[in-house]
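Scroll down for the structure; my scribbles are underneath it.
All values reported here derive from a predicted model rather than from experimental measurement. Heavy atoms only: backbone and side chains are in, while hydrogens, waters and symmetry mates are out. Every chain is numbered from 1 and lettered A, B, ... according to where its sequence line falls, protein lines coming before strand lines.
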2 protein chains.
Amino acid sequence: MFGINGLLMDSSAPNEGDFDEKDLQLLEHVEDDFDKSLEELADELDLSKSAIHYRLKKHRERGVIKSVNATLDPLAFGLNMMVITNVSVTHERGYAEEIGERLSAVKGVEQVYYTMGDVDFVVISRVQNRTQMNDLIDEIISIDGVNETSSQFVMNELKTDRKVISNMSEQMRAGIGSRTD
Amino acid sequence: MFGINGLLMDSSAPNEGDFDEKDLQLLEHVEDDFDKSLEELADELDLSKSAIHYRLKKHRERGVIKSVNATLDPLAFGLNMMVITNVSVTHERGYAEEIGERLSAVKGVEQVYYTMGDVDFVVISRVQNRTQMNDLIDEIISIDGVNETSSQFVMNELKTDRKVISNMSEQMRAGIGSRTD
DNA sequence: AATGAAATCGACCAGCA
DNA sequence: TGCTGGTCGATTTCATT
């Protein structure tokens with residue numbers, strides 16, 4: 001269950017790459033901004049409006065486009081403090097998954113990663129003030145199996161975007177579909 | 001026009017909260033799924049289609065909704081390895097910002113945080129294979145001013161969503177607008 | 001996989017509470 | 001300021017190639 005690739009390659013079918021350059025351009029565009037009209041996209045990519053629509057639909061059906069979401073400004077809700085917490089747990093195997101779920105359920109927690117090495121989980125959270133930060137860390141510590149935590153306060157979010165495609169190098173773009181690991 | 005708060009309410013203004021319960025519900029919905037039709041949203045929130053449209057437009061104009069984006073599946077592009085890298089830098093102040101920019105520009109890097117404490121940057125990256133992972137870490141090390149790095153391989157992404165609103169506790173929801181830190 | 005026509009949906013406006 | 005109802009234009013869908 002916890003194989004190296006096991007959890008990353010699960011259920012929702014790892015869609016093998018089958019993209020031409022137009023697809024990558026299109027996906028890069030909509031990843032960055034889904035408000036663009038079909039016409040704009042059609043012009044930029046030199047395709048007909050219908051073709052754009054057809055491709056988008058296909059990518060949705062195949063799960064390449066998982067969803068379309070509004071991106072909200074956390075500051076608009078007073079969420080101006082961010083913390084990165086390293087969590088180590090007591091190694092009674094089997095509990096890891098449950099602890100991960102518990103961590104994910106803590107209010108204010110935004111990201112949870114299970115990692116190899118001495119630190120077991122990396123938890124990224126967002127809160128409004130110091131009181132909430134203390135409460136959040138207390139809640140994490142109180143989870144059964146959590147051994148030790150150490151937190152770093154984020155002073156500046158330099159990059160937070162999830163732009164999968166524009167983050168890729170040329171090499172990565174070339175490597176789509178090929179499995180050379 | 002420019003009252004007591006005038007200067008605080010300017011242009012790029014961290015938008016002070018001014019949300020009723022309907023706003024929060026609406027924003028929670030569109031943050032989770034922007035594909036819902038105005039009609040669906042109108043039904044769920046007991047408002048007219050026009051009212052939903054009106055509110056969404058307002059939130060956009062105020063920057064509460066920063067953008068609308070397609071969320072892509074990284075696995076569809078073979079990006080099935082994730083690394084969290086702690087980067088410490090030589091403390092010649094003033095360089096930090098430039099180093100942050102350089103880190104952000106490295107292909108494959110998804111998130112960069114500048115933190116307090118002994119570790120200076122936390123960098124989260126996504127690559128397709130071990131070769132790319134090594135290349136990426138080499139590139140980070142080669143950045144001028146970077147002192148030391150230590151990386152953790154991510155075995156499982158338990159939570160990666162940026163659902164600002166659904167991640168908030170009741171206390172946080174109540175705390176919108178009030179500044180009690 | 002792409003097209004064009006027909007049905008559906010969202011954007012905008014003037015007016016109103 | 002927030003909302004309504006109606007109109008117009010854009011988008012989605014579908015039958016065809």
Side-chain angles (χ1 to χ4, degrees), chain A residues 13 15-73 76-77 176-177, chain B residues 1-6 8-11 13-72 76-77 165 173 176-177:
Chain A
N15 312 277
E16 288 301 316
D18 183 26
F19 306 103
D20 61 18
E21 190 52 35
K22 298 274 187 200
D23 281 318
L24 292 179
Q25 286 177 28
L26 174 59
L27 290 167
E28 184 170 3
H29 271 106
V30 296
E31 188 180 27
D32 185 58
D33 179 11
F34 203 83
D35 284 324
K36 281 180 179 159
S37 70
L38 289 185
E39 203 156 15
E40 276 180 284
L41 291 168
D43 285 350
E44 289 174 36
L45 300 192
D46 252 317
L47 287 171
S48 72
K49 286 198 288 185
S50 309
I52 296 285
H53 185 260
Y54 177 85
R55 283 174 184 245
L56 285 176
K57 197 182 164 207
K58 185 184 64 181
H59 293 315
R60 256 178 215 259
E61 281 163 358
R62 297 194 178 166
V64 175
I65 295 176
K66 293 204 291 184
S67 61
V68 177
N69 311 89
T71 300
L72 306 186
D73 180 7
F77 308 98
I176 291 171
Chain B
M1 179 68 187
F2 286 126
I4 296 270
N5 289 321
L8 292 172
M9 306 287 284
D10 77 347
S11 56
N15 312 278
E16 290 298 318
D18 183 26
F19 306 104
D20 61 18
E21 191 52 35
K22 299 273 187 201
D23 281 318
L24 292 179
Q25 286 178 29
L26 174 58
L27 290 167
E28 185 169 1
H29 272 105
V30 296
E31 188 180 28
D32 185 58
D33 178 11
F34 202 84
D35 285 325
K36 282 179 178 159
S37 70
L38 289 186
E39 203 156 15
E40 275 180 284
L41 290 168
D43 285 350
E44 289 175 35
L45 300 191
D46 251 316
L47 286 171
S48 73
K49 285 199 290 184
S50 313
I52 297 286
H53 181 78
Y54 177 86
R55 283 174 184 246
L56 285 176
K57 197 180 164 209
K58 186 185 67 181
H59 293 314
R60 255 179 216 258
E61 281 162 359
R62 297 195 178 165
V64 175
I65 295 175
K66 293 204 290 184
S67 61
V68 177
N69 312 90
T71 299
L72 306 186
F77 308 99
I165 296 195
R173 284 173 90 115
I176 292 171

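When distances are taken from the side chain of B:Ser50 to each of D:dT11, D:dT4, D:dG2, the shortest belongs to D:dT4. Nearest to the side chain of B:Lys57, among C:dT3, C:dA1, C:dC12, sits C:dC12. Side-chain proximity of A:His53 to the nucleotides D:dT12, C:dT3, C:dA1 is greatest for D:dT12.
Between the NZ atom of A:Lys22 and the P atom of C:dA2 there is a distance of 11 Å, given to the nearest Å. In this structure, the OH atom of A:Tyr54 is 16 Å from the C1' atom of C:dG4, given to the nearest Å. One interatomic measurement links the two molecules: NZ of B:Lys49 to P of C:dC9, which rounds to 8 Å at whole-angstrom precision. Regarding B:Asp20, its CG atom lies at a distance of 15 Å from the P atom of D:dT1, rounded to whole Å. The CG-C1' distance, from B:Leu56 to C:dC9, rounds to 14 Å in whole Å. Between B:Asp18 atom CG and D:dT1 atom P the separation is 11 Å, expressed in whole Å. Across the protein-nucleic acid pair, B:Arg55 atom CZ and D:dT1 atom C1' stand 11 Å apart, rounded to whole Å. Per the geometry, CZ belonging to A:Phe19 stands 13 Å off P belonging to C:dA1, to the nearest Å.
If you check every strand for non-hydrogen atoms under 4.0 Å, B:Lys58 touches sugar and phosphate atoms only.
Contact check of residues 30-48 of chain B against DNA chain D (heavy atom, cut-off under 4.0 Å) returns B:Ser48.
Between B:Lys36 and B:Asp43 no salt bridge is recorded (no basic side-chain N to carboxylate O distance below 4.0 Å).
Residues B:Arg173 and B:Leu24 come closest through the heavy atom pair NH2-CB, 3.6 Å. Taking every heavy atom of both residues into account, B:Ile65 and A:Ala70 meet most closely at CG2-CB, 4.1 Å. Closest non-hydrogen pair, B:Asn69 versus A:Asp33, comes out as ND2-N, 4.1 Å.
Side-chain N or O atoms of A:Glu31 include none that pairs as donor or acceptor with a backbone N or O of B:Leu72 at under 3.5 Å.
Residues B:Leu47 and B:Leu26 form no side-chain contact, since every pair of their non-hydrogen atoms from C-beta on lies 4.5 Å or further apart.
With A:Leu45 as reference, A:Gln25 is the one residue of A:Gln25, A:Glu40, A:Arg55 to meet the side chain to side chain contact (heavy atoms under 4.5 Å, CB included) rule.
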